[in-house]
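Everything quoted here is computed from the prediction, not taken from an experiment.
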Amino acid sequence: MAPKHFLQFNDFSREEFDYLFERTRWIKDKFKRYQPYHPLFDRTLVMIFEKASTRTRLSFEAGMFQLGGSAIYLNTRDSQLGRGEPVEDAAQVMSRMSDVVMIRTFEQAIIERFAAHSRVPVINGLTNEYHPCQIMADIYTWIERRGPIQGKTVAWIGDSNNVCNTWLQAAEVLDFNVHVSTPPGYEVEPERANLYGTGHFEQFADPMDAAKGADIITTDVWTSMGFEAENDARIKAFADWEVDADMMRVAHPEALFMHCLPAHRGEEVSAEVIDGPHSVVWEEAENRLHVQKALLEYLVMGRVDGK
């Protein structure tokens, strides 16, 4: 039987996410009570990094250790992948020596090719197009603080990047709404807008309009990895898209502010907001650890009942 992969958010159904969020709650509670839980004893996670990382490496490596398994870090500069070995060949070999693989790379096509030739589950740790583990953590953070996300509104302010794309997928799967506001020229790609334009997604020219009444206000750096040459132009173009106190005031009174980090105070978000009472960015970062443990358990073991 072909392994199950998590390459995009919509690889899983709403029912599967309900299960994963409940497992996250249980696993996190065990961790906070200092109660060991080692379902992946003697299992190995291979982590392949082509893009630099802090939170992704730490959360996956610590998470696999906390589940009783081992994690091996590979950078493409230090492996045969960086010397021209075909992705398909690397997948055949690595998946015979491990139980699950996480890849953080540039093009989504790379991880899709790897998964097509892997004998074990493959997880998207980030690509140019999608960041599904981050949105799992964000949504779990909302559930933990406020309850179900169905019917709520998320306002995405800034660049229509991989995180934004994944919010659009999540809205379709979990039945909530996304308001997107970007500067001219940085809008959601037309083909993606058409794909997700079925009642869960709306674009706004004015970021304040996108934020009105929203339950979550979220953003990301204006210049993602791989776009550093555009930094000066982006800082000028995005100047009016900073999430500040005025924007939070037009959101729902109990709105939460989220950011996948790292953040640049004074650019995409003001210090007053990210360090203020609406911000849950530190809980959000921690929850990467816990949702990914639930994900690893599910992909390696399948559903776990009676725990």
Decide if the gap between the ring center of [X] and the ring center of [Y] is smaller than 6.0 angstrom.
X: Phe49; Y: Tyr73; value: yes
X: His179; Y: Phe204; value: yes
X: Phe9; Y: Trp167; value: no
X: Phe6; Y: Tyr298; value: no

Donor-acceptor pair, side chain of [X] and main chain of [Y], under 3.5 angstrom:
X: Glu172; Y: Leu168; result: no
X: Asn124; Y: Gln8; result: no
X: Asn287; Y: Glu283; result: yes

Should [X] and [Y] count as side-chain neighbours, where that means a heavy-atom distance under 4.5 Å?
X: Val173; Y: Phe12; value: no
X: Val154; Y: Asp215; value: no
X: Arg23; Y: Glu297; value: yes
X: Gln203; Y: Val188; value: yes
X: Leu40; Y: Leu296; value: yes
X: Asn177; Y: Glu202; value: no
X: Asp159; Y: Thr182; value: no
X: Leu256; Y: His278; value: no

Neighbour count >12 (heavy atoms, 6.0 Å) for atom [atom1], [X]:
X: Glu272; atom1: CD; result: no
X: Arg33; atom1: CZ; result: no
X: Lys4; atom1: NZ; result: yes

Worked verdict on Tyr37 versus Trp26 for ring-ring contact (aromatic ring centres under 6.0 Å, His included): CA-CA 11 Å; Tyr37 178 58; Trp26 188 89; 4.9 Å; yes
Would you please say whether a donor-acceptor pair under 3.5 Å links the side chains of [X] and [Y]?
X: Asp11; Y: His5; answer: no
X: Glu112; Y: Gln108; answer: yes
X: Gln134; Y: Asp138; answer: yes

Gln66 versus His38, closest heavy-atom pair with distance: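 Looking at all heavy atoms of both residues, the closest pair is O-CD2, 3.3 Å.
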Please name the pair of heavy atoms, one in Met301 and one in Pro39, separated by the smallest distance, quoted to 0.1 Å.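 Shortest heavy-atom separation between Met301 and Pro39 comes out as SD-CB, 3.4 Å.
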Please report the C-alpha distance between Tyr140 and His290 in whole Å, then the side-chain angles of each, then the deciding distance to 0.1 Å, and finally whether the ring-ring contact (aromatic ring centres under 6.0 Å, His included) criterion is met. CA-CA 9 Å; Tyr140 181 75; His290 304 300; 8.0 Å; no
When you look at Met47 and Arg57, which way does the side chain to side chain contact (heavy atoms under 4.5 Å, CB included) test go after all the steps? CA-CA 8 Å; Met47 307 182 299; Arg57 179 178 177 181; 4.1 Å; yes
